[in-house]
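To keep things clear, I will list the structure first and then write my remarks on it.
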Amino acid sequence: MKTIVSAAALLAASLLAVPASAASLVLYTSQPNEDAQATVDGFMAANPDIKVDWVRDGTPKIIAKLQAEIQAGNPVADVLLIADMVTLERLKEDGKLLAYKSPEAAGYDASLYDADGYYYSTKLITTGIMYNTSAAMKPTSWKDLTKPETKGFVTMPSPLASGAALIHAQTLAAVPGLGWDYYKALAENGAIAAGGNGAVLKSVASGEKAYGMVVDYLPIREKAKGAPVEFVFPSEGVSAVTEPVGILASTKNAEAAKKFVDYVLSEKGQEGFLKLGYIPARNGMKLPEGFPARDTIKVLPIKAAEALKNTDQDLKTFSGIYGSN
Amino acid sequence: MQGYVRPGNSQPAWLFPFIVISVLIFSVLPLARLAMVGIVAFASGGVIDVLSEPSLWQATYYTIVTAVLGTIISLAIGCLFAFVLTLTDISGKGLLSFFFVLPMMIPPQVTALAWVQMSGPSSPLLKALSLAPPLGSPQPLYSVGGIALLYGVQHAPLVYLALRAGLMTLPRDGVEAARLSGALSLRVFRDIILPLSLPGIIAGAAISFVSCTGNFGIPAILGIPASIYTLPTLIFTKFSAFTSRTFGDVAVLSGIIAMISVAGLMIQDRALRGRDYRVIGLSGASAVFEFGPWRFAFPPLLWAILFFMLAAPFFALVAGALVPAYGVPLTFKTMSLHAFQEILFRQAVTRTAFVNSLSLAGATALGLLVVTVLAAYALTRRRDMASRIVSSLIEIPYSLPGIVMAVSFILVFAAPIPVLHVSLYGTIWITLIAYFSSFFAASLKPVVSAFHQLDPALEEAARLSGAGFFRRLSDIIVPLIAPAAGASVILVFLIACNELTISALLWSAGTQTLGVAIYNLDDSGSSDLASALSVLVVLMVVVLMLLLELLSKRLPKGVVPWRN
């Protein structure tokens with residue numbers, strides 16, 4: 001019996017020893033775990049006096065968490081580093097973000113950050129097509145995925161789980177000749193939309209499906225590790241998100257948060273993203289291995305304000321086509 | 001029999017109010033808050049939108065179908081193991097029992113992950129054995145059948161434990177009397193053992209059904225890729241697209257799950273009504289049936305079932321953690337420990353998750369035990385309307401999916417607590433309170449059934465000799481219910497350790513649980529990391545179980561559920 005009692009005491013002590021949060025900065029991010037850890041490690045190495053706790057989830061889930069917290073009047077996050085500008089634009093309009101003019105912005109294209117300093121793009125993440133190397137056809141255009149020989153072999157991330165996937169759908173829906181009809185054709189061809197980009201990678205690399213719409217860095221990185229996959233930039237062009245960083249207006253650690261923004265925008269921070277296999281947003285940076293020259297990548301346009309306005313309707317349209325609520 | 005127990009006359013005045021207050025905090029307050037949001041949604045007309053969505057009815061259908069099939073499978077497996085391992089003289093019972101209880105202690109998403117790694121074109125294990133199906137083959141587990149199968153595997157131990165608890169206290173004298181009168185084994189089984197074990201079977205079926213309807217980890221990993229949504233995963237995806245309507249929608253959806261669960265429990269209640277088996281003290285289970293030469297035939301069958309339930313998925317999980325990238329066949333050349341390295345030495349989340357899950361589970365199990373023993377005493381001694389209402393109030397949070405309780409607690413504790421000005425939201429404490437609420441019933445059930453089998457005459461005698469409440473508690477009741485209490489603690493510890501649904505919504509920076517960490521890793525596409533962490537969790541569960549095994553000589557009889 002004594003053993004039980006002392007075990008109980010030990011457990012109780014360990015529970016009390018876990019403080020709510022000893023960190024001075026909380027980051028909510030949609031980067032995969034390994035990347036998030038690397039980013040945070042890099043920042044903490046450059047700023048040893050600041051400890052960062054981070055939370056990773058898909059952009060919509062991170063936002064859902066944040067919205068619930070805001071409704072609760074107790075948002076936990078200080079800094080956001082998530083998939084797309086549209087989401088941050090919405091937060092900005094709701095007055096949830098803090099304006100901060102980072103000196104590092106000078107190294108960036110003006111289209112890549114908010115003029116008032118509410119958010120800054122950190123990298124360029126495009127969505128194209130990946131395929132399993134044992135697949136019969138090598139797709140070169142989006143339309144290839146509606147061909148009969150790909151029937152039942154196509155998968156894509158759901159806009160309900162991924163911010164990049166939402167922007168991607170909205171981008172393709174605005175392209176003449178593609179549009180929502182393209183998504184309908186895909187669905188009729190047996191395409192599946194579920195989960196995030198990670199799920200697509202897994203499904204195609206493992207051979208459950210042969211083709212997938214997916215963000216560039218995942219298959220390019222996996223290919224380097226030996227996975228049987230290829231990534232193509234389709235002829236019509238690719239959609240892109242820029243994983244912007246922003247500070248929440250409710251932050252209690254504005255100084256540390258500003259340092260974080262400066263760090264991810266700085267050359268050093270951008271080097272870190274480059275090493276992880278992302279295209280850095282900063283001017284004059286190299287491209288990671290496995291990517292074609294930057295000027296050969298055709299990025300399809302998206303009107304952020306319009307996309308923002310139509311988001312709810314677009315999600316409904318998409319759910320209607322794929323029956324995934 | 002009923003009139004024999006004079007209700008309410010032997011318990012202290014504070015006891016029942018104490019239970020009522022606990023129930024108010026853990027059940028009524030959060031659910032009332034949720035109901036309020038639901039009613040507001042009703043009033044604003046949002047309900048029509050929700051109810052007219054076909055996805056809702058489809059999810060309801062899938063929830064019921066998978067839960068019913070899953071319960072049938074868990075009953076089949078659980079009853080087989082319970083009867084054979086408790087009542088017969090086959091060899092290796094201890095080991096068999098030890099391994100059979102394992103699936104319950106493994107988080108559902110780990111089970112799902114392991115089975116996915118074991119079958120289909122993505123299986124590193126099948127690839128290593130050159131048995132993998134061709135490109136584009138569907139993963140057979142991404143289906144209603146797959147979900148039901150894994151529900152069955154996951155919940156069979158619940159049936160096993162519920163039934164076994166009853167079998168352990170079978171009156172040996174009854175069986176011996178029948179034997180002396182010349183009854184054959186089959187007759188003894190049919191006429192004495194089966195009727196007496198029926199409450200255990202029905203209770204097991206009810207626990208299994210309710211757990212199936214609330215399960216999140218399995219349908220999340222097996223259902224979502226095939227667009228098969230059960231109500232819990234539907235709620236989760238609704239949260240993933242958070243809008244101003246979300247809370248209202250979820251309130252309505254949880255109402256439907258509540259109705260399904262309550263229906264299941266009502267059937268159980270009805271089936272058990274009028275059955276009251278009270279047996280004096282412990283009778284200690286011993287082999288009732290001797291298989292003679294057959295005793296060597298059974299173990300291989302049971303071991304084969306266990307191999308497919310445990311060993312094969314576990315090897316698949318290990319293989320999944322060792323491959324360097326997706327789709328690469330596992331060979332000695334390609335094998336890489338990168339995932340383990342990353343999980344153990346780089347990811348900050350690993351240590352956090354281990355510490356959080358273990359301390360949450362420990363605090364929940366031990367804290368609840370105190371409340372549970374008092375509640376069980378109060379509730380079994382009073383057989384009036386009030387106690388029946390309190391009992392069902394305790395049931396409700398357990399029958400609702402964790403995600404619903406999580407939302408309720410967010411709504412309650414979102415704003416700082418009025419007088420104290422402390423904010424629980426975003427801390428580990430809100431998860432702890434939600435755990436208390438959700439696992440109250442799980443902790444209570446074994447203890448209540450032990451109370452039901454207590455002969456009130458024992459305590460009555462002590463009371464007449466002048467023993468006070470705490471004296472009776474410590475000298476008579478606690479020793480008699482110790483096995484059930486021990487089982488309750490272990491049960492709750494393990495359920496809480498493996499929990500995903502509640503923490504999936506309540507976790508925040510620094511308060512991740514193991515369940516959340518694994519689900520998140522898999523969700524972000526790092527299934528090698530998810531597999532590596534899962535392997536560590538399975539090893540941890542086995543080590544914990546072995547520790548209990550070592551301690552078991554010092555523990556009261558029956559505390560370690562897989563031991564005789």
Side-chain angles (χ1 to χ4, degrees), chain A residues 3 8 11-12 14-15 18 20-21 23 26 32-34 37 53-58 60-61 63-64 67-69 71-74 76-77 132 134-135 152-153 160-161 192 194-199 201-203 205-210 218 222 225-229 312 315 322-325, chain B residues 53 55 120-122 132 134-139 224-227 229 234 237-243 246 324-328 334 342 346-349 355-356 358-360 362-363 366 410 414-416 423 425-428 507-510 512 520-527 529 551 554:
Chain A
T3 335
L11 275 168
S14 66
L15 189 69
V18 183
S21 172
V26 176
N33 284 62
E34 293 192 61
Q37 187 69 51
D53 260 343
W54 56 273
V55 161
R56 189 225 84 87
D57 218 327
K61 289 186 205 163
I63 294 301
Q67 295 282 17
E69 287 174 2
Q71 232 174 36
N74 185 22
V76 176
N132 192 300
S134 51
F153 285 164
L160 299 169
I192 274 185
N197 284 282
L201 169 72
K202 187 173 156 186
S203 176
S206 61
E208 249 164 70
K209 297 284 172 189
L218 288 176
E222 287 296 306
K225 281 197 252 167
V229 293
D312 286 344
L315 283 174
Y322 287 90
S324 56
N325 225 50
Chain B
E53 270 176 41
S55 63
S122 61
L135 179 77
S137 313
Q139 161 60 259
I224 292 178
S227 291
Y229 288 84
L234 184 65
T237 41
K238 286 228 179 250
F239 263 103
S240 305
F242 191 90
T243 65
T246 300
Y326 296 109
V328 181
T334 59
E342 176 77 24
R346 292 214 43 238
Q347 290 285 320
V349 77
V355 171
N356 286 342
L358 292 181
S359 18
L360 279 170
L366 294 170
I410 289 180
S423 192
Y425 191 64
T427 70
I428 204 158
W507 65 281
S508 184
Q512 292 96 331
N520 245 312
L521 285 168
D522 184 55
D523 191 50
S524 71
S526 315
S527 81
L529 299 190
L551 281 174
R554 299 198 198 161

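Nothing here was measured: the structure is a model prediction, and the numbers come from that model. Note on naming: letters A, B, ... go to the chains in the order of the sequence lines (proteins, then strands), and numbering restarts at 1 for each one.
For A/Glu34, there are no salt bridge (Lys or Arg N to Asp or Glu O under 4.0 Å) partners, not counting sequence neighbours. Here B/Glu342 pairs with B/Arg346, B/Gln347 under the side-chain hydrogen bond (donor to acceptor under 3.5 Å, both in side chains) rule; sequence neighbours left out.
When all heavy atoms of A/Gln37 and B/Ala348 are compared, the closest pair comes out as OE1-N, 2.9 Å.
With a 4.5 Å cut-off on non-hydrogen atoms, A/Asn132 touches chain B through its side chain but not through its backbone.
Here the NZ-CG distance, from A/Lys61 to B/Asn520, works out to 7.0 Å after rounding to the nearest 0.5 Å.
The choice from A/Ala77, A/Ser134, A/Gly58 that makes the most heavy-atom pairs within less than 4.5 Å of chain B is A/Ser134. When each of A/Ile192, A/Asn33, A/Leu201 is scored by its heavy-atom pairs under 4.5 Å with chain B, the top score falls to A/Asn33.
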